[in-house]
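Counting starts at 1 for both ligands and their atoms, in listed order. We number each residue from 1, following the sequence as shown. As the structure is a computational prediction, the values presented were derived from the model and not from experiment. Keep in mind that the numbers below use all heavy atoms, side chains included, and drop hydrogens, waters and symmetry copies.
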Amino acid sequence: MFDDNSHPAAAGPAQTRSTPVALARGREFLSIPGPTNVPEVVLAAMNRPAVDIYAEELLETTGRCLEDLKTVFRTKAADTYIYIANGHGGWEAALTNTLSRGDRVLVLESGRFAKGWGEMGALMGIDVEILPGDWRRAVDPAAVEARLRADREHRIKAVLVVQVDTASGVVNDIPAIRAAMDAAGHPALYMVDGIASVGCMPFETDAWRIDVAVTASQKGLMMIPGLAFLAASPKAKAAHAKADLRTAYWDWTARDGIENYRKFCGTAPEHLLFGLTTALDLLFAEGLEAAWARHRALARAVQAAVSVWARGGALEFNVANPAERSPSVTTILTPGFDPEALRGFARVNLGVILGSGIGDLSGKAFRIAHMGYANAPMVLGTLGAAETALRALGIPHGTGGLQAAADALAGHFG
Ligand SMILES: *Cc1c(COP(=O)(O)O)cnc(C)c1O
């Protein structure tokens, strides 16, 4: 079967404009902001028989992963935890370990994800206040300071924010928000979701005095989905001692026990740990700072292409201020066309899966990931496919986006 248009997935707007012979054969390329591409060596490290849960190798691997995560989170003071969970599980772990029923938290809105974290808290009996934000802007540290100053009785027990909002493509200034909390003299715990940013850009648990840092395996850390990671500061551990939302599975105290069995509240995720330690070895071989620089360079290439395409008037950056655009994902608004037609065309005919708009941007945007295991040909290939789709679908766009991306990448070396 050479004609992919016969595939049911090709139904919809993409079908009417698709070429007779699709160019999707070859490796399908996933360009969504999670899960991201997993290196072959990481996949291979998991392709092995299970081991005895008491085997020395497993105990060592667990210890190494917990230590390596301190390196990733840039902390010496915090304790790290590994959960068999996705990012949502990491969110729940952060809240349940530190808070009590009726405690108030302040959620800083900058898109979909911090609000989602707050929604989980509300279901747990937490009093969730949202500091309203704009999907196209980063959180304003001055607004955080003003709100915390007004909280003279210190009823707010924690501030929740995402570093990168994967829906809006916004990057928040985590040290500036820390400084705002300090300026207000407010003692709330500082909880930061680094799920779409740890491994992709600076994230400094100790230097920024983050009390609970949360991330997950399947985005910047180049692993399959299935693991959530936390770093808990001494202040968070002190709050833990008084928290009444604690439950057995997430509980830090139980996981602080020396037996491996307790660290996972049951069977260790053996294969995931073997994959994780391999992925983190790759990250450390590159160097964390080098990985951040790579993400910055790839993001600039994507932004260069989108800036050129935007001249056609049919699409634009969701995040207006270039300084507030994430180095790991770019969200592109599509006022002039149906983004699902573009995504469908790229998938069916070109073999590239672009990210969809989510939350308030559902049906109004598409997203390009440049996160985790990504390099120049992966990003150029994605941009080339997107530009091909824009052209094939007759969507007005400035031409030369791919050239601008190549220029930006070349600039990285000069
Ligand atoms: C992906 C993501 C989440 C949710 O993670 P899941 O693994 O899908 O539960 C939370 N926060 C951010 C910033 C994310 O990008």
Side-chain angles (χ1 to χ4, degrees), residues 30-38 72-73 81-96 105 107-121 123-124 130 133 135 138-139 159-174 177 190-203 210 212-231 249-250 269 272 275-276 279 295 299 318-319 324-331 353 355-362 365-374:
L30 191 63
S31 192
I32 65 170
T36 60
N37 290 284
V38 182
V72 169
F73 278 124
Y81 298 91
I82 301 172
Y83 294 97
I84 305 168
N86 58 15
H88 282 73
W91 281 347
E92 186 157 325
L95 301 175
T96 183
V105 301
V107 169
L108 311 182
E109 183 189 7
S110 61
R112 177 74 202 106
F113 283 92
K115 280 175 84 176
W117 196 358
E119 283 157 14
M120 285 189 84
L123 267 178
M124 295 164 68
I130 293 174
W135 271 59
V139 168
V159 171
L160 275 51
V161 67
V162 297
Q163 187 173 29
V164 165
D165 188 288
T166 324
S168 64
V170 160
V171 60
N172 288 311
D173 189 338
I174 300 303
I177 296 168
Y190 192 24
M191 300 195 188
V192 181
D193 168 334
I195 296 174
S197 54
V198 168
C200 310
M201 64 176 293
F203 187 101
I210 294 168
V212 187
V214 181
T215 195
S217 51
Q218 80 274 18
K219 296 191 182 173
L221 298 181
M222 304 184 287
M223 247 294 279
I224 63 171
L227 295 177
F229 311 119
L230 261 63
Y249 182 74
W250 305 111
L272 293 167
L276 177 65
H295 282 83
N318 180 53
V319 181
E324 297 177 355
R325 289 178 194 146
S326 164
S328 54
V329 57
T330 299
T331 301
I353 318 277
S356 58
I358 59 171
D360 290 359
L361 298 184
S362 177
F366 71 98
R367 295 177 297 161
I368 295 176
H370 26 98
M371 183 188 293
Y373 193 56

Distance in Å, [X] [atom1] paired with [Y] [atom2], rounded so as to fall on 0.5 Å steps:
X	Y	atom1	atom2	value
L160	E109	CG	CD	13.5 Å
L108	I174	CG	CD1	8.5 Å
Y249	E92	OH	CD	11.0 Å

Applying a heavy-atom distance cut-off of 4.0 Å, which protein residues contact ligand 1? N86, G87, H88, W91, F113, V164, T166, D193, I195, A196, Q218, K219

Sub-4.5 Å side-chain heavy-atom contact between P269 and L227: yes

Of N318, T166, I32, L361, the residue whose pairing with R367 passes side-chain contact (heavy atoms from CB on, under 4.5 Å): T166

For the residue pair T331 and A365, what are the closest heavy atoms and their distance? CG2-CB, 4.1 Å

